[in-house]
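A short write-up of the structure that comes next.
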Amino acid sequence: MTHLRSVVLGCGSYLPARILSNDELAKSVETTDEWIVQRTGIRERHIAAAGELTSDLALHAARAALVNAHVEASSIDLIVLATSTPDQTFPATAVSVQAGLGITHGAAFDLQAVCSGFVYALSVVDALLKSGGFKRALVIGAETFSRILDWNDRTTCVLFGDGAGALVLEVQPQPGTTADRGILTAHLRSDGRFKSKLYVDGGPSSTQTVGHLRMEGRDVFKHAIAMITDVIDDAFKATGTSAADIDWFVPHQANKRIIDGSAHKLGIAPDKVVITVDRHGNTSAASIPLALADAVADRRIKRGNLILLEAMGGGFTWGSALLRW
Ligand code: UT7
């Protein structure tokens, strides 16, 4: 029996040119390269130029993904863009990307689940493609967190960066086994009791301002590994797979200690873990597609590989996805 799967045709990414090192940050807030590296694994991050918007980053990543997939923009009928830093409150940043690509058919919308945004977007796109309403989609994670950071708060401003990544997905019939190409399973979770642990202190309805990111980092850290490994266990149970079957673990890049702790608890070998947090910082919804594009570009990820994705962040929201490249 055939089974519809959302198959990855290609991926791409974009990072703003400006690199901000830990040493440079230490000139403006009370911090050190040593503290940041030891607590987070971050060495540098990219920062968008003045006037460079989330949609600009997203458009670069989308174009790179289309080239990598060898498909024309006109063949895309769905764009879902995960971001917490849209160009404007509305319209959706996704429609700017749609217009930038010259697409006038299909649908484009934003999805907001903070750092879990890309896994959420992937899951929503998978469902929409399999519903038969759409054939070929761009799933984008794009952020300019530099715009919502309090640059005087050393507990948060050292952690985040800007960037974008994108995947092209197409619905295809597959045999219906775990050897299929495409998204095999996705699992989404949230628990709003934790909404004040990581939030932005502004918004259209509350303050009529954009606000700044606030985080009780220690509390986020405390819950992260258990939530991540729990939702990955759901993915393993749903597919009858285990850590031993994974070719590449591509986690959300928030903190190297969380990534290492999760991989260790799951029994995934360190050499199967894709790490970009050292060079990108935490780019929220963009971190997973940025890491995927990195590992595809240097030929670590190859067709047929089993890839495990996970993310956890504000809300709290968290999720996992298992796909065969
Ligand atoms: O994308 C998902 C969302 N985010 C996360 O996943 C982040 C989760 N949390 C974390 O990654 C970690 O909690 C942090 C990296 C944010 C902080 O690491 P920590 O080991 O939990 O440190 P802490 O918050 O317990 O702070 C330890 C000390 C404090 O000083 P005292 O109270 O011990 O004197 C902080 O004030 O480090 C101090 N501190 C800093 N020192 C130098 C906090 N930020 C800095 C800094 N530089 N940038």
Side-chain angles (χ1 to χ4, degrees), residues 20-45 82-85 112-121 141-146 148-163 165 188-192 194-201 212-232 250-263 265 275-278 280-291 309-320:
L20 177 63
S21 70
N22 291 346
D23 283 336
E24 210 177 330
L25 263 173
K27 290 178 190 156
S28 55
V29 285
E30 192 67 35
T31 192
T32 60
D33 175 58
E34 192 191 4
W35 190 95
I36 302 171
V37 171
Q38 193 198 35
R39 301 286 176 135
T40 72
I42 299 166
R43 294 182 184 278
E44 59 189 32
R45 70 287 292 144
T83 189
S84 301
T85 46
Q112 204 268 75
V114 206
C115 295
S116 310
F118 191 78
V119 173
Y120 268 62
E143 303 278 17
T144 48
F145 260 51
S146 63
I148 56 163
L149 293 175
D150 174 351
W151 287 99
N152 296 312
D153 176 10
R154 69 173 184 172
T155 69
T156 53
C157 76
V158 303
L159 303 174
F160 296 90
D162 301 337
L188 306 181
R189 306 271 286 274
S190 67
D191 187 340
F194 297 103
K195 68 190 170 88
S196 59
K197 299 292 178 196
L198 173 48
Y199 66 103
V200 169
D201 61 6
H212 290 113
L213 183 149
R214 306 291 173 205
M215 176 165 72
E216 292 177 35
R218 215 175 299 185
D219 281 348
V220 181
F221 196 95
K222 204 169 69 191
H223 289 95
I225 294 174
M227 287 177 161
I228 289 165
T229 52
D230 192 43
V231 78
I232 287 173
V250 187
H252 167 52
Q253 309 280 320
N255 182 318
K256 178 113 181 353
R257 283 153 66 209
I258 295 174
I259 296 172
D260 291 347
S262 304
K265 194 169 167 200
I275 303 277
T276 52
V277 71
D278 52 335
H280 300 173
N282 180 348
T283 57
S284 189
S287 90
I288 291 174
L290 271 162
L309 311 179
E310 64 79 5
M312 183 265 181
F316 292 148
T317 53
W318 66 109
S320 65

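Just so it is clear, the model here is predicted, and its values are computed rather than measured. Ligands are counted one by one from 1 in listed order, and the atoms in each one are counted from 1 as well. Along the sequence shown, residues are numbered consecutively beginning with 1.
Of all protein heavy atoms, the one closest to atom 4 (N) of ligand 1 is M215 SD, 3.5 Å. Ranking protein heavy atoms by distance to atom 47 (N) of ligand 1, first place goes to T31 OG1, 2.7 Å. At the shortest separation from atom 33 (O) of ligand 1 among protein heavy atoms lies R218 NH2, 5.0 Å. Looking only at heavy atoms of the protein, atom 8 (C) of ligand 1 is closest to G217 O, 3.6 Å. Protein heavy atom in closest approach to atom 18 (O) of ligand 1: R257 NH1, 3.8 Å. Ranking protein heavy atoms by distance to atom 5 (C) of ligand 1, first place goes to V220 CG1, 3.8 Å. Summary of contacts: the protein heavy atom closest to atom 16 (C) of ligand 1 is L159 CD1, 3.8 Å.
Checking side-chain atoms of N22 against main-chain N and O of E34 turns up no donor-acceptor pair under 3.5 Å. Between the side chain of N255 and the backbone N or O of R39, at least one donor-acceptor pair lies under 3.5 Å.
Only the side chain of N282 comes within contact range of ligand 1, with a heavy atom under 4.0 Å; no backbone atom does. Contacts of V114 with ligand 1, taken as heavy-atom pairs under 4.0 Å, are absent altogether. Contacts between E30 and ligand 1, counted as non-hydrogen atom pairs separated by less than 4.0 Å, involve the backbone only. Under 4.0 Å from ligand 1, the heavy atoms of M312 that appear belong solely to its backbone. Contact annotation for I258 and ligand 1: only side-chain heavy atoms (C-beta onward) come within less than 4.0 Å of the ligand. Counting heavy atoms under 4.0 Å from ligand 1, residue T155 touches it through both backbone and side chain.
Between T283 and E143, the side chains place no donor N or O within less than 3.5 Å of an acceptor N or O (distance only, hydrogens not considered).
Summarising the local packing, CZ of R214 is surrounded by more than 12 heavy atoms from other residues, nucleotides or ligands at distances under 6.0 Å.
For atom 17 (C) of ligand 1, the candidate residues are W35, W318, F221; the nearest heavy-atom contact is made by W35. In the candidate list E34, E216, R39, Q253, R39 is nearest to atom 22 (O) of ligand 1, counting heavy atoms.
Close approach of ligand 1 to T40 is summarised as follows: ligand atoms under 4.0 Å from at least one heavy atom of the residue are 15 (C).
Under a 4.0 angstrom heavy-atom cut-off, V158 registers as being in contact with ligand 1.
Residue contacts with ligand 1: C115 is placed with no nitrogen or oxygen under 3.5 Å of a nitrogen or oxygen of the ligand (distance criterion only).
Side-chain contact between I228 and W318 is absent, with no heavy atoms from C-beta onward closer than 4.5 Å.
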